[in-house]
Peer 1: 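I have a structure I would like to understand better, so I am pasting it below and will then ask my questions one at a time.
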2 protein chains.
Amino acid sequence: MSTSWTIPTVAIAVDLAVLTVRTERLHVLLVNRGVEPYRGRLALPGGFLSTEDEDIDVAAGRELAEETGLDAAKLHLEQLRTYGAPRRDPRMRVVTVCYLAIVPNLPLPSAGGDADRARWVPVDRVLGRRGLLAFDHGQIIADAVDRARSKLEYTTLATAFCNPEFTISELRRVYEIVWSEELDPRNFHRKVTGVEGFLVPTGNRTSGNGGRPAVIYRPGPATVLHPPILRN
Amino acid sequence: MSTSWTIPTVAIAVDLAVLTVRTERLHVLLVNRGVEPYRGRLALPGGFLSTEDEDIDVAAGRELAEETGLDAAKLHLEQLRTYGAPRRDPRMRVVTVCYLAIVPNLPLPSAGGDADRARWVPVDRVLGRRGLLAFDHGQIIADAVDRARSKLEYTTLATAFCNPEFTISELRRVYEIVWSEELDPRNFHRKVTGVEGFLVPTGNRTSGNGGRPAVIYRPGPATVLHPPILRN
DNA sequence: GCAAAAGTGTTGATGGTACACCCATGG
DNA sequence: CCATGGGTGTACCATCAACACTTTTGC
C-alpha cells in the first residue's frame with residue numbers, strides 16, 4: 001500500500017473529459033473498460049501518472065494526443081477538478097486529476113486503435129443513467145459539461161468546438177447545442193462580430209449550400225468575451 | 001521508486017490558501033517553514049494526505065479547522081486547482097491539491113498554537129517578491145486571489161469575508177479591498193439590496209459610529225448574484 | 001447647526017431583445 | 001421567380017454610472 005517512505009503514497013490518475021459536437025448533439029469520448037473493476041462499463045480515457053518527470057498538465061496533453069490523434073497543443077485543454085473520494089476505486093486509494101478538453105468534430109475518433117477503443121457517446125445518454133459508467137465518471141462528465149456551458153458565456157471557448165475555419169452559423173449551432181437553447185441568428189451575428197478579436201474573416205465565403213454565402217472566419221486572438229454572450 | 005504494484009505512487013499534499021480582510025488589506029494565512037526544503041520561508045498551511053479513508057475535500061476542511069480554530073462547515077472552502085510540476089518539491093514527486101478558503105476577520109489567527117505557527121500576511125507583500133515563499137506557493141496565492149476577485153462578481157462569496165452580521169458598508173469595503181477599486185456607495189447599496197436572497201435584514205441597526213445608523217444584515221440563501229456586480 | 005454616514009430619485013448612456021427588412025445564392 | 005440562409009436597421013426595454021438630494025445619527 002505504501003512505499004518505504006514515511007509519507008504515505010497514493011496513486012494519481014489523470015482522466016480526460018473530451019467534449020465535441022457531432023450530429024447536432026454534444027458528445028463525450030468514452031472507452032469500454034476491458035478489466036475489473038467496472039469491466040464492461042464506459043469510462044473516461046485516462047491513465048496513472050508515473051513518477052517520471054512529467055507535469056500533470058503535460059501528461060493530460062499526451063493522453064489527449066494519444067486518444068484523438070491530434071496535436072494537443074492545438075486543442076483546448078484545461079484542468080477541471082481533482083476527485084479524491086476514499087473508495088472511488090475499490091482496488092486502492094486513487095486520486096484523479098481531471099481535465100476538460102474541447103475538440104472539433106473529428107473525422108475519425110479512434111482510427112488506428114484497438115477494437116474496443118474510444119468512441120463518442122451523446123452526453124444526454126450517459127447523464128442521469130446509473131450503471132452505465134465506471135467509478136464517479138458520471139459526476140465528472142456533469143461537471144465538465146457545466147464548465148463548458150458556463151465558459152461559452154464569457155470566453156471564446158466555442159471556437160474550440162469548430163474546425164479551423166468556420167461560419168457564424170456553425171458557431172451559433174455550437175452555442176445552441178451545448179446550451180440546448182435556440183438563439184436569434186441575427187442578434188447572435190451582431191454580438192459575435194462586435195467582440196474585438198473573437199473572429200477574423202478569412203476573405204472566403206461558403207458556396208453551394210443554398211442561400212446567401214456566409215463569410216468564413218478563423219478564431220481571433222481574444223480569449224475572453226467583452227461583452228459576454230449570456231444564456232437565459 | 002515504485003511499490004510492488006505496477007502502478008507507481010506519488011505523494012499527495014493538500015494545501016490551503018486562506019484569505020481574509022483585516023486592517024483594510026487582503027491577507028493570506030502563511031506558516032514559517034521550520035524544516036528543509038525552504039526552511040525559514042513562508043508557506044501555505046497544508047499537509048500530506050494519508051491513505052486512510054478521508055476524502056480530499058474533508059481533509060482540506062480538517063486542515064482549515066485546525067489552522068483557524070473555527071468550524072470548517074461554516075466557512076467557505078472550495079477546491080482551487082491541483083499543482084503537479086515535476087520538481088516543485090526537491091525531495092520527491094509531490095502533487096498538491098489546493099483549496100481556497102475565505103474567512104472573516106478572526107479575533108485570533110493562531111491563539112493556542114506553537115510559536116512559529118500561522119500568521120496573516122498582506123497579499124500585496126508576498127505577490128511579486130521572489131525568495132519569500134516556499135515551493136510554487138506564490139503562484140498558488142496569485143491563482144487564489146484571482147479566483148476570489150472573480151467570484152465576487154457573480155456569487156455571494158463576499159459575505160464569507162464578513163462576520164455573521166454586517167452592514168452594507170462593511171460588505172462594500174470587502175469588494176473595494178479585494179478588487180483594489182473604489183465603488184460608489186449609493187449605487188452599491190442599490191445593487192446588493194436588489195439581488196433577491198443576497199441579504200436578509202436582521203431588524204437591528206448600528207449605533208454610535210457617527211452618521212445615520214446602518215441596517216444590519218445576515219447572508220441570505222442565494223449563492224449566485226442575479227444580476228452580477230461587475231468590476232471595471 | 002454641522003459633519004458624517006445611510007439611503008433614494010433621476011437622468012443620460014449603453015447594451016440587449018424582438019423583429020422588419022434587405023442581400024445573395026441555388027434551383 | 002421563389003425558397004433559403006446571411007446580414008443590417010431600428011424601436012423598445014433593462015441596466016448602469018453619475019450625481020443631486022433627503023434621512024438620521026453624534027457632537
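The figures here come from the full heavy-atom set of this structure, side chains too, leaving out hydrogens, waters and symmetry mates. Every chain is numbered from 1 and lettered A, B, ... according to where its sequence line falls, protein lines coming before strand lines.
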Peer 1: Starting at atom CG of B:D184, determine the distance to atom P of C:dT8, rounded to an integer number of angstrom.
Peer 2: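 From B:D184 CG to C:dT8 P: 14 Å.
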
Peer 1: Tell me if a side-chain donor or acceptor on B:Q79 pairs with a main-chain N or O of A:T82 at a distance below 3.5 Å.
Peer 2: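 At least one qualifying donor-acceptor pair exists.
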
Peer 1: Taking for each residue the nucleotide of DNA chain D bearing the nearest heavy atom, is the 5' side occupied by A:P213 or by A:R190?
Peer 2: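 Looking at DNA chain D, the more 5' nearest nucleotide goes with A:P213.
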
Peer 1: Please tell me if the side chains of B:T156 and B:L199 come closer than 4.5 Å, counting only heavy atoms from C-beta onward.
Peer 2: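 Of all side-chain heavy-atom pairs linking B:L199 with B:T156, none is under 4.5 Å.
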
Peer 1: Are side-chain N/O atoms of B:S150 and B:R231 paired as donor and acceptor at under 3.5 Å?
Peer 2: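 No donor-acceptor contact under 3.5 Å links the two side chains.
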
Peer 1: For A:L225 and C:dG16, what is the distance between atoms CG and P respectively, to the nearest whole Å?
Peer 2: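 Atom CG in A:L225 sits about 11 Å away from atom P in C:dG16.
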
Peer 1: Going from OH on A:Y154 to NZ on A:K151, what distance comes out if it is rounded to the nearest 0.5 angstrom?
Peer 2: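 So the OH of A:Y154 and the NZ of A:K151 are separated by 6.0 Å.
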
Peer 1: Just report the end-to-end axis angle for the helix from C:dG1-D:dC27 to C:dG27-D:dC1, five pairs per end, to 10 degrees.
Peer 2: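 Nearest ten degrees gives 10° for this helix.
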
Peer 1: Once you round it to whole Å, what is the distance between P of C:dA6 and OH of B:Y217?
Peer 2: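 Answer to the nearest Å: 11 Å.
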
Peer 1: Nearest whole Å is fine: how far is C:dA5 P from B:R173 CZ?
Peer 2: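 In whole Å, C:dA5 P lies 12 Å from B:R173 CZ.
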
Peer 1: Between the base of C:dA6 and the side chain of B:R212, is there a donor and acceptor pair under 3.5 angstrom?
Peer 2: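 Answer yes: a donor N or O sits under 3.5 Å from an acceptor.
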
Peer 1: When the nearest nucleotide of DNA chain C is assigned to A:S207 and to A:N187 on a heavy-atom basis, which residue is associated with the more 5' position?
Peer 2: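 Nearest nucleotide further toward 5': that of A:N187.
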
Peer 1: Does B:N204 offer a backbone N or O that forms a donor-acceptor pair with the side chain of B:T202 under 3.5 Å?
Peer 2: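 Answer holds: yes.
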
Peer 1: Just to be sure I understand the rule, does A:N209 reach a base, reach only the sugar-phosphate, or reach nothing, if contact means heavy atoms closer than 4.0 Å?
Peer 2: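 Nothing, no heavy atom under 4.0 Å.
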
Peer 1: Less than 6.0 angstrom from the centroid, inside 45 degrees of the normal: does B:R186 satisfy that with respect to the ring of B:F188?
Peer 2: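 No cation-pi geometry.
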
Peer 1: If you assign each of B:G210 and B:P227 to its closest nucleotide in DNA chain D, which residue comes earlier from the 5' end?
Peer 2: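 Nearest-nucleotide comparison on DNA chain D picks B:P227.
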
Peer 1: Quick check with a 6.0 Å cut-off and a 45 degree axis cone: is B:R173 positioned over the face of B:Y175's six-membered ring?
Peer 2: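 Here B:R173 fails the 6.0 Å and 45° test against B:Y175.
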
Peer 1: Separation of B:H189 atom NE2 from C:dA4 atom P, in whole Å?
Peer 2: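 Whole-Å distance recorded here is 20 Å.
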
Peer 1: Looking across every strand, which nucleic acid part, if any, lies under 4.0 Å from A:T206 by heavy atom: base, sugar-phosphate, or nothing?
Peer 2: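 No contact.
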
Peer 1: I'd like the 5' and 3' limits of the part of DNA chain D contacted by chain B, with heavy-atom contacts below 4.0 Å.
Peer 2: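 Both ends considered, the range comes out as D:dC16 to D:dG26.
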
Peer 1: Please classify the nucleic acid contact of B:T193 as base, sugar-phosphate, or nothing, using heavy-atom distances under 4.0 Å.
Peer 2: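 Touches nothing.
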
Peer 1: So, B:T206 side chain and B:A214 main chain: donor-acceptor pair closer than 3.5 Å or not?
Peer 2: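 Yes: the side chain of B:T206 pairs with the backbone of B:A214.
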
Peer 1: Using atom types as modelled and distance alone, determine if a side-chain donor or acceptor of A:E63 lies under 3.5 Å from a backbone N or O of A:P45.
Peer 2: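 The answer is no, because no donor-acceptor pair under 3.5 Å joins these two groups.
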
Peer 1: For A:K191 and C:dT17, what is the distance between atoms NZ and C1' respectively, to the nearest whole Å?
Peer 2: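 Rounding to the nearest Å, NZ of A:K191 and C1' of C:dT17 are 8 Å apart.
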
Peer 1: Using whole Å, what does the distance between atom C1' of nucleotide C:dG26 and atom CZ of A:R205 come to?
Peer 2: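 The distance from CZ of A:R205 to C1' of C:dG26 comes to 16 Å, rounded to the nearest Å.
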
Peer 1: Mind calculating the distance between CZ (A:R231) and C1' (C:dG16) to the nearest angstrom?
Peer 2: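 Rounded to whole Å, this separation is 17 Å.
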
Peer 1: For A:R212, which residues count as a salt bridge (charged side-chain N to carboxylate O under 4.0 Å, His left out) partner, sequence neighbours excluded?
Peer 2: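 A:R212 satisfies salt bridge (charged side-chain N to carboxylate O under 4.0 Å, His left out) with no other residue.
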
Peer 1: Is there a donor and acceptor pair, one atom on the side chain of B:R186 and one on the base of C:dG9, closer than 3.5 Å?
Peer 2: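 In this structure, the two groups form no donor-acceptor pair.
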
